[in-house]
Amino acid sequence: MASHVIPIGLLATYVRELLEQDDSLSDIWVEGEVSNVFRAQSGHVYFSIKDADAQLKCVLFKAQATRQRALPEPGQQAAVHGAVSLYPRDGAIQLYADVVQPAGIGLMALEFEQLRLRLEADGLFDPSRKRPLPERPRIIGVVTSPDGAVWHDIQNVLRRRYPFVEVILAPTTVQGTAAPEAIVNALYELQDVEHVDVIILARGGGSAEDLAAFNDEDVARTVFACSVPVVTGIGHDTDWTIADWVADLRAPTPSAAAELCVPDITDIQTRIRDARGRLDAAVVRELEDISLQTRTLRHRLAQRSPMRLTTADRERISELRRRMHARQYNMLSSRRAHLGAQTGLLRALEPGSVLRRGYAVVYDNMTGFPLSSTAGMRPGREISVHLSLGDLSATVTRVRR
Amino acid sequence: MSEPVAIEVQSWRAALEQGSFEDATAALESVVACLERGQLRLEDALAVYELGVQLADRCDADLAHAELRVSRLSMAPAAPDPWNESIER
């Protein structure tokens with residue numbers, strides 16, 4: 001018998017290490033009825049799972065609990081995945097769970113859920129990691145079977161919607177044990193082709209087993225690490241594979257995946273037609289603007305033109321000319337009036353006209369000068385009387401002074 | 001032609017003459033936007049407009065003649081298969 005005593009804590013630690021070293025206990029599924037469910041304030045969920053023979057305590061820590069689609073319910077038949085260890089304080093063996101699933105959905109579904117949770121924890125489904133597809137791809141890579149209708153459908157959709165692209169098929173088998181590796185290879189091959197803008201990963205509909213290759217972890221991680229966006233079109237609308245979760249965009253069917261990758265040619269035709277209309281409208285408006293500017297400039301130019309200055313000058317000149325003429329006219333007419341007056345005066349002073357009014361001019365015959373006084377006159381002097389018509393010869397008979 | 005417009009016209013012309021269909025449609029959109037912004041000189045506006053019409057013609061011609069190009073990578077078969085060696089590119 002061992003003679004020495006060891007502390008319980010040390011024993012518990014030893015047992016715990018034994019349990020945790022055992023690989024078969026660190027990745028284990030158990031199935032049974034859920035009971036004693038306790039949701040702690042911390043967010044951890046504690047419960048038990050039991051079958052006819054035994055009972056096992058389970059804990060679902062908060063981080064794992066939040067990733068479950070549904071939390072365990074009392075009385076529910078559940079399959080629980082996790083690692084077995086010892087909780088020293090209670091001295092209890094516990095299952096540290098990471099997946100809790102309703103029982104009876106099959107091992108494949110359980111593995112699917114387990115992988116889904118692990119990849120989600122690794123950030124493979126993170127919406128922020130999803131890349132937008134190129135608006136106008138030039139080269140589209142397709143990973144699918146070369147034989148099925150899928151490849152045919154994808155070509156038809158692209159030909160109808162957007163025949164500008166080049167499509168490169170990386171043929172692969174999509175079913176069977178070799179499929180995951182073949183799909184991974186095809187994805188790598190396409191990434192090596194230069195200028196591939198987007199990759200379609202597609203498969204036609206089938207049973208859950210048929211789609212297994214798209215639930216493969218290597219396929220998922222290759223899609224995640226792919227250097228170009230990946231669009232999945234796997235099975236029918238209701239099928240969701242791990243590859244769908246990881247892809248940048250998930251389409252319900254292969255044809256839909258092809259549609260999502262390219263714009264519609266009729267949209268493009270419409271845009272080109274619109275562009276023509278806008279082009280015409282814009283150039284007309286632009287020309288109108290320019291013509292308006294020209295008219296405005298012409299107007300402003302006209303306002304400042306030398307022609308306009310000359311016109312003003314010309315007006316001033318003609319005004320001056322008018323005033324000058326007026327003045328000249330005035331001057332002439334006053335002159336003319338003056339002249340008329342003078343002429344009248346002259347005419348009045350002309351001797352003939354005086355004579356015609358009955359006056360006479362008397363000449364001294366001795367001197368020949370007209371007489372204007374009696375000075376020097378004596379009786380007997382010969383004089384001549386000059387009338388308007390004719391002359392008289394006379395002799396002075398008397399002189400009065 | 002004013003310098004910024006000249007540079008743009010150069011890139012549009014390159015898209016028209018050497019670019020892909022996508023380049024041509026992108027250039028067309030850009031031409032329309034430029035013309036709609038206005039403020040162009042007369043000669044620039046006319047040159048830009050003419051280029052826009054040429055781009056639209058080019059796009060329509062491409063649309064009429066587009067044909068899907070399909071090719072296939074030759075993959076090493078996952079499992080050796082002597083009956084299926086010649087998967088053509």
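Just the heavy atoms: all of them, side chains too, but no hydrogens, waters or symmetry mates, feed the values below. Residue numbering restarts at 1 for every chain, and letters A, B, ... go by the order of the sequence lines.
Of all the listed residues (A:Pro163, A:Ala170, A:Ala282), the one sharing the greatest number of non-hydrogen pairs under 4.5 Å with chain B is A:Pro163. Of the listed residues (B:Leu55, B:Val53, B:Asp57, B:Asp62), the one with the most heavy-atom contacts under 4.5 Å to chain A is B:Asp57. Of all the listed residues (A:Ile140, A:Asp280, A:Thr294), the one sharing the greatest number of non-hydrogen pairs under 4.5 Å with chain B is A:Asp280.
Residue A:Arg159 touches chain B through both its backbone and its side chain, counting heavy-atom pairs closer than 4.5 Å. When heavy atoms are compared at a cutoff of 4.5 Å, A:Gln269 approaches chain B by way of both its backbone and its side chain. Looking at A:Ala186, both its backbone and its side chain come within 4.5 Å of chain B, counting heavy atoms on both sides. With a threshold of 4.5 angstrom between heavy atoms, B:Gln39 approaches chain A through N, CA, C or O but not through any side-chain atom. The contact between B:Glu67 and chain A is made entirely by backbone atoms, counting heavy-atom distances below 4.5 Å. Residue contact with chain B, scored on non-hydrogen atoms closer than 4.5 Å, involves the backbone and the side chain of A:Gln155 alike. Heavy atoms closer than 4.5 Å to chain B are found in the side chain of A:Ile290, but not in its backbone. Residue contact with chain A, scored on non-hydrogen atoms closer than 4.5 Å, involves the backbone and the side chain of B:Leu40 alike. Within the 4.5 angstrom heavy-atom criterion, only side-chain atoms of A:Arg285, from C-beta onward, approach chain B. Looking at A:Pro180, neither its backbone nor its side chain comes within 4.5 Å of chain B, counting heavy atoms on both sides.
For the side-chain contact (heavy atoms from CB on, under 4.5 Å) test with A:Arg131, the passing option among A:Asp248, A:Val198, A:Leu249 is A:Asp248; the others fail.
Across B:Ala45 and B:Leu35, no two heavy atoms sit closer than the pair O-CD1, 3.9 Å.
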Practice prompt. Mind running side-chain contact (heavy atoms from CB on, under 4.5 Å) on A:Arg250 and A:Trp240 for me, showing each step along the way?
Written response: CA-CA 9 Å; A:Arg250 181 258 178 185; A:Trp240 276 85; 3.5 Å; yes
Worksheet entry | Derivation and outcome, side-chain hydrogen bond (donor to acceptor under 3.5 Å, both in side chains), residues A:Asp267 and A:Thr270 | CA-CA 5 Å; A:Asp267 291 348; A:Thr270 308; 5.3 Å; no
Worksheet item: Are B:Thr25 and A:Arg136 close enough, and set up right, to give a side-chain hydrogen bond (donor to acceptor under 3.5 Å, both in side chains), and what steps lead you there?
Response: CA-CA 10 Å; B:Thr25 51; A:Arg136 303 269 185 91; 2.6 Å; yes
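Note on ring orientation: taking the six-membered ring where Trp is involved, the planes of B:Phe21 and A:Phe164 are parallel (angle under 30°, cut-offs 30° and 60°).
Residues B:Asp23 and A:Arg138 are paired through a salt bridge, judged by an N-O separation under 4.0 Å between the basic side chain and the carboxylate.
Counting heavy atoms from C-beta on, the side chains of A:Pro146 and A:Leu169 come closer than 4.5 Å.
Donor-acceptor pairing under 3.5 Å is recorded for the side chains of A:Thr241 and A:Asp244.
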